[in-house]
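Order of listing sets the numbers, starting from 1, for every ligand and every atom in it.
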Amino acid sequence: MWPPAGPAWWRGRALAVWVTRAACLGLPRPPCAPTLGAAGESWGLSRLYSSAERKEKVDMSRFPVENIRNFSIIAHVDHGKSTLADRLLELTGTIDKTKNNKQVLDKLQVERERGITVKAQTASLFYNHEGKQYLLNLIDTPGHVDFSYEVSRSLSACQGVLLVVDANEGIQAQTVANFFLAFEAQLSVIPVINKIDLKNADPERVEKQIEKLFDIPSDECIKISAKIGTNVESVLRAVIERIPPPNAHRKDPLRALVFDSTFDQYRGVVASVALFDGVVSKGDKIVSAHTQKAYEVNEVGVLNPNEQPTHKLYAGQVGYLIAGMKDVTEAQIGDTLYLHKQPVEPLPGFKSAKPMVFAGMYPVDQSEYNNLKSAIEKLTLNDSSVTVHRDSSLALGAGWRLGFLGLLHMEVFNQRLEQEYNASVILTTPTVPYKAVLSSAKLIKEYREKEITIINPAQFPDKSKVSEYLEPVVLGTIITPDEYTGKVMMLCQARRAVQKNMMFIDQNRVMLKYLLPLNEIVVDFYDSLKSLSSGYASFDYEDAGYQTAELVKMDILLNGNVVEELITIVHKDKAHTVGKTICERLKDSLPRQLFEIAIQAAIGSKIIARETVKAYRKNVLAKCYGGDITRKMKLLKRQAEGKKKLRKVGNVEVPKDAFIKVLKAHSDK
Ligand code: GDP
Ligand code: MG
């Protein structure tokens with residue numbers, strides 16, 4: 001039977017927590033002025049105007065809990081979530097229907113440039129169904145594995161999901177992962193088969209896959225084309241008929257969950273809130289359960305999809321709240337807000353995100369340290385899944401060690417720093433969080449615990465002080481056409497993977513499950529998988545704890561001196577290959593000097609790879625520019641400027657960007 005009958009406590013817990021992101025930082029709003037269509041007009045709301053022209057505020061008291069539906073759109077990357085969201089916004093009159101509506105909820109520049117969703121987005125839609133007015137809160141979610149934290153937060157806000165599957169590609173790895181997230185949360189699942197307009201679309205095949213893998217009868221699948229708009233109305237009908245309303249109580253004291261927040265230069269913190277119980281309005285005195293600080297509410301409203309102030313927000317509803325929080329640390333995601341006069345038990349909040357990779361981040365120039373610090377603080381407020389620790393390096397100066405959910409997440413964070421805060425940074429090679437069980441009493445005393453997590457390779461404890469090392473592992477799901485199964489298995493073997501399961505999801509598609517060390521997949525596993533399967537295989541993974549591993553610390557030496565930035569933790573069996581590659585890359589990026597430079601990779605005192613940079617024989621300046629004094633002066637000046645950016649390792653001068661080149665090349669490997 002589908003949906004599974006969830007226990008009553010669950011329905012209570014799963015009520016209105018919508019994950020959203022209020023207006024993106026400083027970016028222009030989408031060109032579409034939000035309007036209410038037929039549904040809105042019949043409410044006497046007339047048109048909604050842009051913030052400056054707005055005349056009437058929406059009366060949210062007209063939406064009792066039984067007329068509210070909260071749902072997420074989930075799917076594998078590119079199966080059409082954001083396009084379906086566009087059509088739903090149009091159909092409900094939330095945005096005008098124009099040819100230009102392409103993934104309108106993807107508001108960030110990085111999302112538009114890359115064509116991917118990285119941030120879950122909410123839109124409140126007003127819809128008239130069989131004479132009743134409904135408030136539909138839609139959450140468009142990202143599909144990439146790095147952002148599944150966004151998906152799971154979104155799901156805890158919903159009572160149902162639209163599971164979108166491409167009619168051409170069928171079920172992919174993230175389809176499976178997302179389905180099980182929704183299944184475990186006991187949500188109603190509405191399967192939507194999209195892109196039926198494509199020439200090679202085979203919706204019947206996809207129906208069979210859905211039935212086989214998820215046990216959902218094929219007559220529950222809705223076949224649509226989100227691009228053209230075919231059959232999208234029936235999706236809205238199914239949302240109302242198949243998804244239950246939230247369980248919230250207007251008469252109880254206010255309990256509002258802060259599930260996201262953004263920082264606005266002028267208005268301070270704009271908190272996204274979901275009302276579990278009660279009512280909140282402008283002028284109310286509220287308290288943060290986390291800090292115990294009191295605030296006065298300056299503005300409340302809904303996202304439609306842009307900010308639309310309202311008089312009040314009621315139980316079961318979601319919107320934004322501005323209350324004069326000026327400091328980014330005042331708005332904690334997962335915090336509960338309540339009325340000053342009516343203290344309540346705080347809501348459980350969210351489990352914090354678990355970083356999968358760590359990398360050092362440094363300002364390109366130390367004079368930019370403070371600017372970068374404030375940019376990182378503000379951006380982490382919008383992206384709570386990034387963890388930040390202060391760090392420093394001899395070559396790169398003062399900086400931070402940041403934890404990310406994956407490499408794409410790291411790239412996106414870096415790109416957002418550049419685009420939204422104009423900050424350019426140096427990133428070091430990413431590393432996964434290893435662990436060490438200490439045996440040295442002295443170290444245990446120093447760390448105050450026996451098992452430590454190592455997020456900086458420079459702090460890797462020596463084997464003599466450790467009883468065992470542990471590495472993080474993940475459970476990977478790969479879906480591939482049968483003809484590539486052999487190649488996929490070979491790749492997994494080379495990555496030290498252990499096969500856990502294998503099944504056919506139809507005549508020619510295989511689903512494989514592997515236990516994989518995280519460090520074997522973070523960098524290039526996905527790319528290798530794509531290229532060996534001509535782009536057809538897909539991959540997703542979930543955290544699977546730790547396993548013991550024979551890890552070693554590899555030093556890179558320049559004429560016998562250790563280069564701190566390039567210390568790498570590797571599996572014993574991979575040390576030789578990785579060491580050789582780093583030495584080769586470093587050789588290519590080091591300029592010749594007046595003496596020979598030995599580049600070595602070493603484990604303890606044992607050298608495992610070596611390259612040599614030969615010395616210059618003559619003074620290049622004298623030779624090339626002997627006669628032309630102005631050119632010679634210019635060159636000397638440039639050389640002096642260049643020297644400022646040099647780092648000395650022993651007697652060897654290393655341009656700053658040489659490390660970055662090596663690190664980048666190393667991670668591209
Ligand atoms: P998301 O990653 O799941 O959000 O997918 P998008 O909505 O960004 O869509 C990915 C690509 O598929 C875009 O190029 C869309 O134009 C295209 N697309 C989405 N829906 C359809 C459809 O129904 N038919 C066709 N032919 N293309 C579609
Ligand atoms: Mg999208």
Side-chain angles (χ1 to χ4, degrees), residues 19-21 24 30 71-91 94-95 97-123 138-151 153-155 161-179 181-182 189-203 205-207 221-236 305 406 408-409 412 416 479 526 530 535 538-540:
V19 175
T20 182
R21 181 170 187 279
C24 49
F71 66 100
S72 283
I73 310 181
I74 57 175
H76 189 78
V77 175
D78 273 352
H79 282 201
K81 295 174 290 291
S82 302
T83 308
L84 174 59
D86 289 343
R87 295 297 87 74
L88 296 179
L89 290 171
E90 287 172 4
L91 255 181
T94 312
I95 57 172
K97 194 169 173 176
T98 72
K99 282 210 172 83
N100 301 327
N101 290 337
K102 288 206 175 109
Q103 292 98 2
V104 295
L105 291 181
D106 288 344
K107 296 174 189 170
L108 301 175
Q109 190 180 348
V110 54
E111 294 182 314
R112 301 210 71 83
E113 281 173 13
R114 288 175 179 245
I116 55 165
T117 308
V118 303
K119 205 56 206 163
Q121 296 279 354
T122 298
L138 163 159
I139 310 175
D140 182 22
T141 63
H144 192 278
V145 57
D146 281 17
F147 304 107
S148 61
Y149 180 59
E150 291 281 318
V151 179
R153 268 200 307 171
S154 311
L155 293 190
V161 295
L162 298 175
L163 179 70
V164 178
V165 189
D166 186 316
N168 193 6
E169 297 200 352
I171 287 180
Q172 298 291 326
Q174 268 105 47
T175 322
V176 180
N178 285 334
F179 168 80
L181 283 179
V189 176
I190 302 173
V192 175
I193 301 177
N194 186 31
K195 308 198 188 180
I196 55 167
D197 59 295
L198 288 176
K199 211 170 92 226
N200 294 328
D202 189 351
R205 179 174 143 243
V206 179
E207 273 179 355
C221 296
I222 305 173
K223 294 175 217 160
I224 67 162
S225 163
K227 190 167 182 179
I228 302 171
T230 318
N231 214 15
V232 176
E233 286 260 20
S234 40
V235 174
L236 274 181
L408 177 64
H409 183 213
V412 163
R416 288 186 68 185
I479 293 186
Y526 187 62
K530 280 275 164 203
S538 62
F539 176 62
D540 194 287

Student check: side-chain heavy atoms of D197 and T230 closer than 4.5 Å: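 Side chain of D197 against side chain of T230, heavy atoms only: no contact under 4.5 Å found.
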
Sub-4.5 Å side-chain heavy-atom contact between I74 and L181: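 Contact flag for I74/L181 side chains = no.
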
Closest approach of I73 to T141 (non-hydrogen atoms, all atoms of both residues):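 The pair with the smallest heavy-atom distance is O-OG1, 2.6 Å.
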
Passing option when S538 is tested against Q172, E169, Q174 for side chain to side chain donor-acceptor pair (under 3.5 Å):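 The side chain to side chain donor-acceptor pair (under 3.5 Å) with S538 is passed solely by Q172 among Q172, E169, Q174.
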
Result of checking I224, N194, L88, L138 against L162 for side chain to side chain contact (heavy atoms under 4.5 Å, CB included):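 Running side chain to side chain contact (heavy atoms under 4.5 Å, CB included) over I224, N194, L88, L138 with L162 returns exactly one hit, L88.
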
Backbone N/O of A75 and side chain of T175: donor-acceptor pair under 3.5 Å: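 Not at all, since once roles are kept as given, no pair shorter than 3.5 Å links the two residues.
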
Distance in Å, I139 CD1 paired with E150 CD, rounded so as to fall on 0.5 Å steps: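 Spacing of CD1 (I139) from CD (E150) equals 10.0 Å.
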
Protein N/O/S count near the Mg ion (ligand 2) (criterion: distance under 2.8 Å):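 Considering protein N, O and S only, the Mg ion (ligand 2) has 2 within range.
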
Residue shell around ligand 1, heavy atom under 4.0 angstrom: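 Ligand 1 is contacted, at a heavy-atom distance under 4.0 Å, by H76, V77, D78, H79, G80, K81, S82, T83, Q103, N194, K195, D197, L198, S225, A226, K227.
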
Steps toward side chain to side chain donor-acceptor pair (under 3.5 Å) verdict (S82, T117): CA-CA 8 Å; S82 302; T117 308; 3.0 Å; yes

Pair K223 + E207, salt bridge at N-O below 4.0 Å: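 Salt bridge: yes.
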
